[in-house]
Amino acid sequence: MQKVGYIIAHKIIMEYNFREIEQKWQEDWKRKEIYKVSNDSTKPKYYVLDMFPYPSGAGLHVGHPLGYIASDIFARYKRLKGFNVLHPMGYDAFGLPAEQYAIEHGIHPAVSTANNIENFRKQLDKIGFCYDWSREVNTSHADYYKWTQWIFLKLFKSYYNRSTQKAEIIDSLIDIFEKEGNINHPIPNSQFQIPVSTNDQQPTTIFNPSDWKNFDEKTKQAILMEYRLAYCGYGEVNWCEALGTVLANDEVINGVSERGGHPVVKKKLRQWYLRITEYANRLLDGLERIDFSEAMKEMQTNWIGKSYGAEIDFKVKSQESGAENLKVYTTRPDTIFGVDFMVIAPEHELIEKITTAEQKQAVGEYISYVKSRSDRERQAEKKITGCFTGAYAINPFDGKHIPIWISEYVLAGYGTGAIMAVPCGDERDFKFAKHFNIPITNIIGAHYNGEEANATKDAILENSGFLNGILMRDAIGIAIAKLEEMGIGKRKVNYKMRDAAFSRQRYWGEPFPIIWKDGIAYPLDEKELPLILPEVDKYGPGPDGEGPLANLKDWASPPAPLHEGVRETNTMPGYAGSSWYFLRYMDPHNDQIFCDRKASDYWGQVDLYIGGTEHAVGHLLYSRMWTKVLFDLGHIGHEEPYKKLVNQGMIQGSSRFVYRLNLNYEYTSAQKINETKSFPQFFISKHFYDDYFNNNHETSKYILNEVSKKIGGGIGVSYNGAPILLHVDVNIVDGFELNIEEFKKWRIGEYANAEFILEDGKYICGSEVEKMSKSKFNTVNPDDLVVRYGADTFRMYEMFLGPVEQSKPWDTKGIEGVHRFLKKLWRLFYDEMKGKLWTDEKANDAELKVLHKTIKKIEEDTERFSFNTAVSACMIAVNELSDLKCYKKEILEKLLILLTPYAPHIAEELWHQLGNEGSILDAAYPISEGKYLIESSKNYPIALNGKTKTELTISLDATQQQVEEMILANETVKKWLEGKQPKKIIYVKNKMINVVM
RNA sequence: GCCCAGAUGGCGGAAUUGGUAGACGCGCCAGACUCAAAAUCUGGUAUUCGCAAGGAUGUGCAGGUUCGAUUCCUGUUCUGGGCACCA
């Protein structure tokens, strides 16, 4: 300290003063608008995108910036490589938490969201990101959601033309209906039947041009609704009667509401949907042309869940009803002779019709049980539940009577909501049959052992009528052909994916630009957009499960001259705004169109998209769909939004615990009992806690003894129960050692009088890796770290933690190492005492080798997103140059450019110290020259039977024979051979040598 | 339950295509500088046997393929993410 005290003016140069440096350059870059990017450039373009955040009230913790830092590094790297880089940021600002906050505190979500955003922005700025903030988007701003609504109208006014395999405007479908009816364009939902006006008409799904002309407007609109890409239908929601509102899945825990613990049941409500199922095939095909991880593609593929099979109609025989059909979907029509029972979803409409009188009560009870259960629970439960309807289906081939059961494991939304159960070939069916004592038919002979089902396709069928003796694989096609011939079944491709629910009974989202009149949905004129989200007095639910907007009578039913009818009072879900935001960044201020075609043609696809896997099947599928629709309708020129996706891992928290004693006090003298309140809380160090649980009696006694000593005599102390484990703020724990002074101040002095029983004079905390969250006191705020170590250190440390795609626990301890590295780098330029070190001397071969090796390594690592190893390569380079005492500008200057994407501030500062004009952000990336890296020999590992025993330096151009001679002459090898001849000698050039004995 | 991923020293991790397991950093130990501390620097540090030379073991667990496996295959355990209204 004293040393630099005298030369305070030189301080900034003499030592690494990251605070001044970072502030200086952040201001300079801001003043020069250095991150502003133009849509007009001769350079090649590169688009780097982060998944934009939901601005939560909790602010950023160290987990959030991980992906942002990675993308920032890559954006800066591409800039150095000569690209025009688009790297924007914004906010996904609609969402449930802000609304919940409004309900609880009466603060408008726009206000709390704006506050949160301001806080986020401050935090982000400190880390030194190169975002072009002039392109910021906010999904809750009217100038943004105007276009979300506009795209919604495009979806509403379009249908998917299956013959051209693309979205087209619905007017063209009306033309088709007028010319040829819907014979070539069947209604996507095969369950839908056209409503008929008179009783003598049979419900139908096909109509001709004259039918179409004769339909009334309501029928026409109902039919068109069945084709629209955004359509209205009915769907089940989590309904909580006590709260009078619909709950999100994560607000429901074990069938009751998270807040208040009220019962939650399924209820059908009118909902908007996106017909994403029409895009299932293209979403699947598109995966082959984009650079996502195999795991991500697999997840999306499984989610889409394309399967090939058949729909089969079974006649139902029951006492109560006449001829009913049970339509099942199966991927294994070859097993039709092995069907021992049917299972239909508890929501299935046939239940009412086919349930026999004696089963009515049981079925009713079962259905009400299922209503209280979520889809997740229904599939996750290991317990087998079900109920017999009393009805039987008839096997069309052998007339066998098949009992029809109801069970929660069959979901109404998938296939036809009914399955044919083949217990010898399906594990779940097998368990169900065993549980309910349903006899099992074996159709696969020895392949079925009676102990478990066998889902093979390689068995020869037995007990299978006309399919006997046929390989199952081949029987699938034969069975379908037969079903089609008999007119009781057809080949069918099915998708597990369902249409996406697109409405919420909530306030804080985009209003739908829809007016309802006489049960028909009319779109607002595009000129009327944006439809502004109105102010409300209270944020609670509207009547009948509607959203808060339904409470606004004036808004919901605008006066007649303006509109007849009532507004849609649902709002759009969180993913509406995020489904197209990557396009808005390209042209963020355009008030004529969502994004000018010139801008989207210039920027095209996002070249690199970084975000978490938690969005694997939600956002990433929806935004792919929206992009395809916009492409089909000619609004943009590409149909996949993201060329490459990198998934960042989660940073977990490392929680710390303290152990509070749970004690009883007994008074040996006549003291008043209420004095107990004045006893301090006692905390025992981890060692004692572990001992307590290992029933170490001496420790237990020791603890009580220590407590007695501290509270004085006259009071007996005993255990009231086991010590209690409490989360403690990780920020007041150094490694595992609790900072006792800080702890006493923590939580407004709640533990000010705490007493501690220490081990070796320290209080050691327990620990566990958990999700990072405020309630666990394990969040670490990036701001604190930036203040202590600087943004450059923080950025590099986040990367140094491990591969960006991997989840890992946060540990602040290691940040010192990265900080030391930057200080060591600084000392290649300046010495505290001697001042300037760098020179213009010519570099020697050893120094050039270090440089060019490092260029190669960092470039390769950055290209493959291996940022952790790139940081370590920087460290190695600085270590080696320090060892070489290399202070040469020629070397250091290039090293700074390599470092720029990772630690831009220090790089810029030293770049200018070296006398460079202009910003290092636009320097030319150095090129690694192979001539400095050429080696003539290698130190080979010599293994015997694969186990390395020694090393030997051999020329790189040595032949097999030369190597063998050298090996056999080697003392170590001779010793291990014990005079015997080796079986062979494996020599892999530039790798290793293995002697096989 | 279903789908996906992961598991390597005391800790985070490295080993890019099957070829020297543990780079780099933290922590720890020892030493230098210092009245002392911090900072900085130097050396050591997977486990185990051995004074040493040297040997054995070792990448969640159990097998397999291979001259050779952290890497490929089969099974299994545990942890994390997702499962359609959190974003």
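No experiment lies behind these values; they were computed from the predicted model shown. Every chain is numbered from 1 and lettered A, B, ... according to where its sequence line falls, protein lines coming before strand lines.
When the P atom is compared between A53(B) and U76(B), the two are found 46 Å apart, to the nearest whole Å. Nucleotides C86(B) and A15(B), compared at atom C1', are 39 Å apart to the nearest Å. Comparing U66(B) with U71(B), their P atoms sit 16 Å apart, to the nearest whole Å. U79(B) sits 15 Å from C61(B) when the C1' atoms are compared, rounded to a whole Å. For the P atom pair drawn from U70(B) and U8(B), the interatomic distance equals 14 Å after rounding to whole Å. Across A7(B) and U45(B), the matching P atoms stand 26 Å from one another, rounded to whole Å. When the C1' atom is used for both C2(B) and A46(B), the distance is 39 Å, rounded to whole Å. With both ends at atom P, the span from U17(B) to G12(B) equals 24 Å, rounded to whole Å.
In this model, a side-chain donor or acceptor of N994(A) finds a partner on the base of C67(B) within 3.5 Å. Under 3.5 Å, the side chain of E251(A) and the base of C86(B) form no donor-acceptor pair of N or O atoms. Contact of K857(A) with U16(B) (side chain to base): a donor-acceptor pair of N or O atoms is detected under 3.5 Å.
The side chain of N249(A) sits closest to C86(B) out of C86(B), G55(B), G13(B). Each of C3(B), A84(B), G25(B) was ranked by its minimum atom distance to the side chain of E298(A); first place goes to C3(B). Minimum atom distance to the side chain of R820(A) is reached by U40(B), of the listed U42(B), A84(B), U40(B). Closest to the side chain of T948(A), from the set C86(B), C4(B), U20(B), is U20(B). Minimum atom distance to the side chain of T613(A) is reached by G81(B), of the listed G81(B), A23(B), A87(B). Of the candidate nucleotides G81(B), G12(B), C83(B), C83(B) has the atom lying nearest to any side-chain atom of W303(A). Of the candidate nucleotides C85(B), C3(B), G27(B), C85(B) has the atom lying nearest to any side-chain atom of Q505(A). Between G80(B), G82(B), G25(B), one nucleotide has an atom nearer to the side chain of N879(A) than all others, and that is G25(B). The listed nucleotides are G82(B), G81(B), U16(B); the one nearest the side chain of R864(A) is U16(B). Of the candidate nucleotides C86(B), G13(B), A23(B), A23(B) has the atom nearest to the side chain of S872(A).
The phosphate of G55(B) (OP1 or OP2) has a side-chain N or O of W976(A) nearer than 4.0 angstrom. Remark: K949(A) is in phosphate contact with A56(B), judged by side-chain N or O atoms under 4.0 Å from OP1 or OP2. One finds a side-chain N or O of R504(A) lying less than 4.0 angstrom from the OP1 or OP2 phosphate oxygen of C85(B). Contact annotation: N868(A) side-chain N/O to A14(B) OP1/OP2 distance is under 4.0 Å.
The interatomic distance linking K991(A) (NZ) with A69(B) (C1') rounds to 15 Å, in whole Å. For the pair K823(A) NZ and G25(B) P, the interatomic distance rounds to 15 Å; values are reported in whole Å. Rounded to whole Å, atom C1' of G27(B) lies 13 Å from atom CZ of F800(A). Atoms CG (N945(A)) and C1' (G55(B)) sit 16 Å apart, rounded to a whole Å. Between the CD1 atom of I764(A) and the C1' atom of G27(B) there is a distance of 13 Å, rounded to whole Å. In this entry the distance linking CD1 of I651(A) with P of U79(B) reads 22 Å, nearest Å. Atom-to-atom, CG of L411(A) to C1' of C83(B) comes out at 11 Å; the value is rounded to the nearest Å. Per the geometry, CE belonging to M296(A) stands 10 Å off C1' belonging to A5(B), to the nearest Å.
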(request) Walk me through it: do Y789(A) and H819(A) pass the test ring pair (Phe, Tyr, Trp, His ring centres under 6.0 Å)? (result) CA-CA 7 Å; Y789(A) 301 101; H819(A) 194 60; 5.4 Å; yes

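Taking the six-membered ring for Trp and the full ring otherwise, F432(A) and Y409(A) have centroids separated by under 6.0 Å. When ring centroids are compared, W508(A) and Y101(A) stay outside the 6.0 Å threshold.
Here G9(B) is in the syn range [glycosidic angle within 90° of 0].
Backbone-only contact: Q806(A) has heavy atoms under 4.0 Å from sugar-phosphate atoms and none from a base. At the heavy-atom level, M51(A) lies nowhere under 4.0 Å from the strands shown. Here K496(A) lies in heavy-atom contact (under 4.0 Å) with a base. Base engagement by V237(A) is indicated by at least one non-hydrogen atom pair under 4.0 Å involving a base atom. Residue contacts shown for A295(A) are limited to sugar-phosphate atoms, with no base heavy atom under 4.0 Å away. Among the protein residues, I986(A) comes within range of the nucleic acid bases, having at least one heavy atom under 4.0 Å from a base atom. In this structure, P803(A) reaches the sugar-phosphate backbone alone: every heavy-atom distance under 4.0 Å involves primed, P, OP1 or OP2 atoms, never a base. As judged by a 4.0 angstrom heavy-atom cut-off over every strand, R827(A) is placed among residues touching the sugar-phosphate backbone only. Residue-level contact check: Q271(A) touches the bases, meaning some heavy atom is under 4.0 Å from a base atom.
Comparing D883(A) and E860(A) along RNA chain B, the residue whose closest nucleotide (by nearest heavy atom) sits nearer the 5' end is E860(A). Each of H615(A) and K938(A) lies near RNA chain B, and the nucleotide nearest K938(A) is the one positioned closer to the 5' end.
The pair K267(A)-E236(A) does not meet the salt-bridge criterion, since no charged nitrogen lies less than 4.0 angstrom from a carboxylate oxygen. We find that K857(A) and D861(A) are joined by a salt bridge, their nearest charged nitrogen and carboxylate oxygen being less than 4.0 Å apart.
Without hydrogens or angle criteria, E99(A) side chain to Y507(A) main chain gives a donor-acceptor distance under 3.5 Å. A distance-only check finds a donor-acceptor pair linking the side chain of N238(A) to the backbone of L247(A) [under 3.5 Å].
Remark: of the listed residues F502(A), Y581(A), W626(A), F502(A) is the sole one forming a ring-ring contact (aromatic ring centres under 6.0 Å, His included) with Y575(A).
A cation-pi contact, defined as under 6.0 Å to the ring centre and within 45° of the axis, links K949(A) to W976(A).
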